[in-house]
There are 2 protein chains.
Amino acid sequence: MIQINYQDKRPIYEQVVERFRQLIVKGVLSEDDKIPSVRNLAIDLSINPNTIQKAYQELERLGFIYTVKGRGNFVCGRDRWMEDETTEVLQQLKTCVHELISLGMQGDGIVDTVRTEVKKCANGKDDAAAAGDYNRKGSDAT
Amino acid sequence: MIQINYQDKRPIYEQVVERFRQLIVKGVLSEDDKIPSVRNLAIDLSINPNTIQKAYQELERLGFIYTVKGRGNFVCGRDRWMEDETTEVLQQLKTCVHELISLGMQGDGIVDTVRTEVKKCANGKDDAAAAGDYNRKGSDAT
DNA sequence: CTATGTGTACTAGTTGTGATAGTACACACG
DNA sequence: CGTGTGTACTATCACAACTAGTACACATAG
């Protein structure tokens, strides 16, 4: 489910955050799905519970999950993060366009690239639906 | 020329690298332009020469500058970095597109956004030409 | 109620990286 | 040779990431 890459220079907690962010945005994890407990995931990944806790706090701050004391952590609905995420990624997209122009790439080429990429997504439908679910309400991990 | 933002969480040497990258990509610094010496820039920014050295080594590794022992550091030609940079930014662009699709944005909307941004660049012509040059061959800093 | 699983908070310590400080050496140029 | 340059090296400090261990509060099942 969650893998840690020790070759990666980024801190572990950041990798955990990023991984869950992907799973949630792509729809692999749905609203109110339960995610592993701090302790369970820590054992699973052979790292310290505090590191997972830090990751979960960050995910909560970003609006991706909510916490119920004594019960666990659960995935928030799209309305809690979709707008912010879209704004952010849109900003990244614009920055890329500016840089490509600076690098001498033609505007038409950029637009074409994007159009091609959009079509590719439409055909492949991304990997969200294919991935299936992971840990639904009530089906707690063994 | 180069400013350091101490509010920024990124290390100083990384900020220096990023700033020079921008100046070079945008054409403010041209091929064979001389950039400040390790010691001069260190004094200028009130930081340690070793930090600048680290930044310059990274810039050389990335192909943005070349070093001549005893003379200084100079900007490389576009051919040394343009291809790699374009490939990298293009990859970022595609990732953004995929994420926006996952976030539920319509493909048409994405393409429109890009087209609009391209036009904006075409009108403003970015800020490359406006910035002028900084430190040409032979005009060493005082 | 108790036992268990959960999130939360706190202290203490280790490790790695960024940054500083200082020194020394090699090369280019006038 | 003297100056300005890049390069290399050691030592030290500060901070972030991570680990280790403990303690407490809450929810649920028995």
Side-chain angles (χ1 to χ4, degrees), chain A residues 2-20 32-62 64-76 135 137-142, chain B residues 2-20 32-61 64-76 135-142:
Chain A
I2 304 286
Q3 296 106 14
I4 296 178
N5 178 9
Y6 288 100
Q7 318 312 324
D8 199 323
K9 282 80 55 188
R10 291 179 308 170
I12 296 176
Y13 82 94
E14 210 172 297
Q15 292 186 42
V16 173
V17 169
E18 178 55 23
R19 188 73 183 112
F20 273 111
D32 297 325
D33 277 359
K34 187 176 185 297
I35 65 177
S37 75
V38 170
R39 288 178 177 82
N40 267 345
L41 187 55
I43 293 170
D44 218 46
L45 300 178
S46 303
I47 58 179
N48 196 285
N50 291 338
T51 305
I52 304 295
Q53 188 190 355
K54 186 169 183 181
Y56 281 10
Q57 283 173 339
E58 178 68 5
L59 281 165
E60 188 173 22
R61 193 185 66 79
L62 294 172
F64 287 113
I65 65 174
Y66 62 92
T67 295
V68 185
K69 281 174 76 168
R71 293 196 53 220
N73 293 280
F74 304 87
V75 176
C76 287
N135 197 357
K137 254 178 302 185
S139 76
D140 36 39
T142 44
Chain B
I2 305 285
Q3 296 107 14
I4 296 178
N5 178 10
Y6 288 100
Q7 318 312 323
D8 198 325
K9 282 80 55 188
R10 292 178 307 169
I12 297 176
Y13 84 94
E14 210 171 297
Q15 292 186 42
V16 173
V17 168
E18 178 54 25
R19 187 73 183 112
F20 273 111
D32 296 326
D33 277 359
K34 188 177 184 296
I35 65 177
S37 75
V38 170
R39 288 178 177 81
N40 267 345
L41 187 55
I43 294 171
D44 217 46
L45 300 178
S46 302
I47 59 179
N48 195 285
N50 291 337
T51 304
I52 304 296
Q53 188 191 354
K54 187 170 183 182
Y56 281 10
Q57 282 173 339
E58 179 68 3
L59 282 165
E60 187 174 23
R61 194 185 66 80
F64 287 113
I65 64 175
Y66 63 91
T67 295
V68 185
K69 281 175 76 168
R71 293 196 54 220
N73 292 280
F74 304 87
V75 177
C76 287
N135 196 358
R136 305 199 67 87
K137 252 179 304 184
S139 77
D140 36 37
T142 44

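From a predicted model like this one, the values you see are computed outputs, not experimental measurements. Chain A is the first sequence line, chain B the second, and so forth, proteins listed ahead of strands; every chain is numbered from 1.
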- [ ] Could you pull out the closest heavy-atom pair between A:Q3 and A:R19, with the gap in Å?
- [x] OE1-NE, 4.4 Å

Open item on the list: Please confirm whether the shortest side-chain N or O distance from B:T51 to OP1 or OP2 of C:dG18 is below 4.0 Å.
Closed with: no

Task: A:K69 side-chain proximity, nearest of D:dT5, C:dA21, C:dG7 - done: C:dG7

Task: Residue met sooner reading DNA chain D from 5', once A:V68 and B:R71 are mapped to nucleotides - done: B:R71

Task: Whichever of A:N50 and A:T67 has its nearest DNA chain C nucleotide further upstream toward 5' - done: A:T67

TODO: May I ask you to verify whether the side chain of A:R39 and the base of C:dG7 hold a donor-acceptor pair under 3.5 Å?
DONE: yes

TODO: Ignoring the backbone of B:Q53, work out which of C:dG7, D:dT7, C:dT20 is nearest its side chain.
DONE: D:dT7

- [ ] Counting heavy atoms from C-beta on, name the nucleotide in D:dC18, C:dG7, D:dT7 closest to the side chain of A:S37.
- [x] C:dG7

Open item on the list: I need the A:N48 CG to A:R39 CZ distance, nearest 0.5 Å.
Closed with: 11.0 Å

TODO: Check whether any side-chain N or O of B:N73 sits under 4.0 Å from OP1 or OP2 of D:dG6, and answer yes or no.
DONE: yes

Task: Interface with DNA chain D, restricted to residues 5-14 of chain B and to heavy atoms under 4.0 Å - done: none

Open item on the list: For a side chain to side chain contact (heavy atoms under 4.5 Å, CB included) check, start with the C-alpha distance between A:L59 and A:N73, then their side-chain angles and the critical distance, and finish with the verdict.
Closed with: CA-CA 10 Å; A:L59 281 165; A:N73 293 280; over 6 Å; no

Task: Minimal non-hydrogen separation, B:L41 against B:P36, with atom names - done: CB-CB, 4.0 Å

